[in-house]
Amino acid sequence: MISRWTTAVLDTALAGGWAVARSPEGFLFDDNGALFPREWLKRQDLSILAEHGIGHLDGEPVYLLELHSLLDIPGCNWKGLRAFMLEDDHTLYKVLGYAAQIGTWAREHRFCGSCGKRMGQIPLERAMYCDACELRHYPRISPSMIVLITRGDEVLLARSPRFVPGVYSTLAGFAEPGESAEDCLVREVREEVSIEVKNIQYMGSQCWPFPHSMMLGFHAEYAGGDIVPQEDEIEDAQWFNIHDLPPLPASRSIARYLIDLYVARRLGHAEPVLPG
Ligand SMILES: NC(=O)C1=CN([C@@H]2O[C@H](COP(=O)(O)OP(=O)(O)OC[C@H]3O[C@@H](n4cnc5c(N)ncnc54)[C@H](O)[C@@H]3O)[C@@H](O)[C@H]2O)C=CC1
Ligand SMILES: [Mg+2]
Ligand SMILES: [Zn+2]
């Protein structure tokens, strides 16, 4: 299938195209969605922090207007990226997920982390540049491990206090300097539930733009120990039988994919597809 959306670095000096506007309250939208004619949007009284050309949707250029603050525009409203993720328009979610990551980076990289001077965009490269230090700052991506641990017909699922009430998910955590993906996985599992795992298998990856994780998904088998939930981080962790699962994460998440895939294989059902 040809993808309707491709990322690209576009020249902001060119006129025309579509634009999305992002403020600390989320993306601007109206009855037609979250893409607006760019020239119309720029005629509104927006406080623009940065503008980036981010790609092509159905061949048309798309730009991001990252704003200092939101503005009331009649007929329009603001909505967070998570709300767009839960809707049916997967392509729009991909556009906005990418825009959110570029917007976060643009917002947090206006000044050089080395000398503190204002940086500028490099034409046709997704990088901010400090003239004084000759340093380039690229968008930040944070590798994170996510793992489904199983023991026959049972899967280990846990709750963070940040989750929606009742929902249980797979274990996850950010990689630290000096670690391989497998080192990180073993450390996170020990920290969060105090058990040991074996037969670690890579299952697939997913961009998770909240705010800039790259999820590396694994399956692992239980090897030993009793569950001891990590204080403050893990509210509860349990072995659940695949025939009696609790409420699970959103279907677009790799967490849900890892669970659904294991259950499908165990029961001989058709396998799910990992959402991009
Ligand atoms: N797509 C999916 O299915 C899922 C995605 N996730 C994502 O995975 C990521 C990691 O999961 P958590 O359990 O929250 O991580 P975690 O177990 O490492 O704990 C979070 C803590 O890590 C530290 N931290 C925050 N940002 C960091 C960074 N960039 N690098 C290193 N440490 C950092 C902070 O102290 C934070 O409180 C999060 O972005 C989360 O949203 C988590 C579960 C499911
Ligand atoms: Mg975690
Ligand atoms: Zn500098």
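Counting convention: from 1, in listed order, for ligands and their atoms alike.
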**Asked** Looking only at heavy atoms, is any part of Glu188 under 4.0 Å from ligand 1, and if so is it the side chain, the backbone, or both, or is it neither?
**Response** side chain
**Prompt:** Should you measure from each heavy atom of Gln206, which atoms of ligand 1 turn up under 4.0 Å away?
**Reply:** 1 (N)
**Asked** Does Ser213 reach ligand 1 with a nitrogen or oxygen that is under 3.5 Å from one of the ligand's nitrogen or oxygen atoms?
**Response** yes
**Request:** Please determine, by modelled atom types, if Gln230 and Asp232 share a side-chain donor-acceptor pair under 3.5 angstrom.
**Result:** no
**Asked** Between Thr12 and Arg38, is a side chain to side chain donor-acceptor pair (under 3.5 Å) present by the stated rule, with each step listed?
**Response** CA-CA 11 Å; Thr12 52; Arg38 176 162 162 250; 5.6 Å; no
**Item:** Single-linkage hydrophobic cluster Leu157~Met215, side-chain heavy atoms < 4.5 angstrom
**Value:** yes
**Prompt:** Under 4.0 Å from any heavy atom of Ser253, which atoms of ligand 1 are there?
**Reply:** 2 (C), 3 (O)
**Message:** Does any N or O of ligand 1 fall below 3.5 Å from an N or O anywhere on Met215, backbone included?
**Reply:** no
**Asked** Can you name the N, O or S atom of Glu192 that is closest to the Mg ion (ligand 2)?
**Response** OE2
**Request:** Apply side chain to side chain donor-acceptor pair (under 3.5 Å) to the pair Tyr138 and Glu125, showing each step before the final yes or no.
**Result:** CA-CA 9 Å; Tyr138 296 95; Glu125 193 181 2; 3.0 Å; yes
**Item:** Closest to atom 30 (N) of ligand 1 among Trp208, Phe174, Tyr257 (heavy-atom distance)
**Value:** Phe174
**Prompt:** With a 4.0 Å cut-off, strictly under, does atom 21 (C) of ligand 1 pick up any protein heavy atom?
**Reply:** no
**Asked** Below 4.5 Å, heavy atoms only, C-beta onward: do Ile48 and Leu67 meet side chain to side chain?
**Response** yes
**Request:** May I ask you to list the atoms of ligand 1 that are less than 4.0 angstrom from any heavy atom of Glu233?
**Result:** 19 (O)
**Request:** Answer whether the closest heavy-atom distance between the side chains of Glu188 and Glu191 falls below 4.5 Å.
**Result:** yes
**Fill in**
atom 3 (O) of ligand 1 sits nearest the protein heavy atom Ala255 N, 2.9 Å
**Message:** With the threshold set strictly below 4.0 angstrom, can you tell me whether any protein non-hydrogen atom sits that near atom 34 (C) of ligand 1?
**Reply:** no
**Asked** When the ring planes of Phe218 and Tyr202 are compared, do they come out parallel, tilted or perpendicular, using 30° and 60° as the limits?
**Response** perpendicular
**Identity and distance of the protein heavy atom lying nearest atom 16 (P) of ligand 1** = Gly173 CA, 3.6 Å
**Message:** Using a 4.0 Å cut-off to any heavy atom of Arg140, which atoms of ligand 1 qualify?
**Reply:** 29 (N)
**Item:** Which residue and heavy atom of the protein sit nearest atom 12 (P) of ligand 1, plus the separation
**Value:** Ala172 O, 3.9 Å
**Request:** For the atoms SG of Cys112 and SG of Cys133, give the angle they form at the Zn ion (ligand 3), rounded to 10 degrees.
**Result:** 120°
**Fill in**
The atoms of ligand 1 lying under 4.0 Å from a heavy atom of Ser142, numbered in the order shown, are 29 (N)
**Prompt:** Are Arg159 and Ile234 side-chain neighbours, meaning at least one heavy-atom pair lies under 4.5 Å?
**Reply:** no
**Prompt:** Is there a nitrogen or oxygen of Ile146 sitting under 3.5 Å from a nitrogen or oxygen of ligand 1?
**Reply:** no
**Request:** Look at Ile234 and state whether any of its N, O or S atoms is less than 2.8 Å from the Mg ion (ligand 2).
**Result:** no
**Request:** Answer yes if a protein heavy atom lies under 4.0 Å from atom 38 (C) of ligand 1, otherwise answer no.
**Result:** yes
**Asked** With no hydrogens and no angle check, do the side chains of Glu154 and Asn241 hold a donor and an acceptor under 3.5 Å apart?
**Response** no
**Item:** Under 4.0 Å to a heavy atom of Arg162 - the qualifying atoms of ligand 1, by number
**Value:** 14 (O)
**Request:** Measure the acute angle between the ring planes of Tyr262 and His219, then classify it against the limits of 30° and 60° as parallel, tilted or perpendicular.
**Result:** parallel
**Fill in**
For Glu192, the ligand 1 atoms with a heavy-atom partner under 4.0 Å come out as 17 (O)
**Asked** Taking the side chain from Arg252 and the backbone from Met85, do they hold a donor-acceptor pair closer than 3.5 Å?
**Response** yes
**Prompt:** Are the charged groups of Glu25 and Lys79 less than 4.0 angstrom apart, N to O?
**Reply:** no
**Request:** Please examine the side chains of Val147 and Val197, heavy atoms only from C-beta on, and report whether any two atoms are closer than 4.5 Å.
**Result:** no
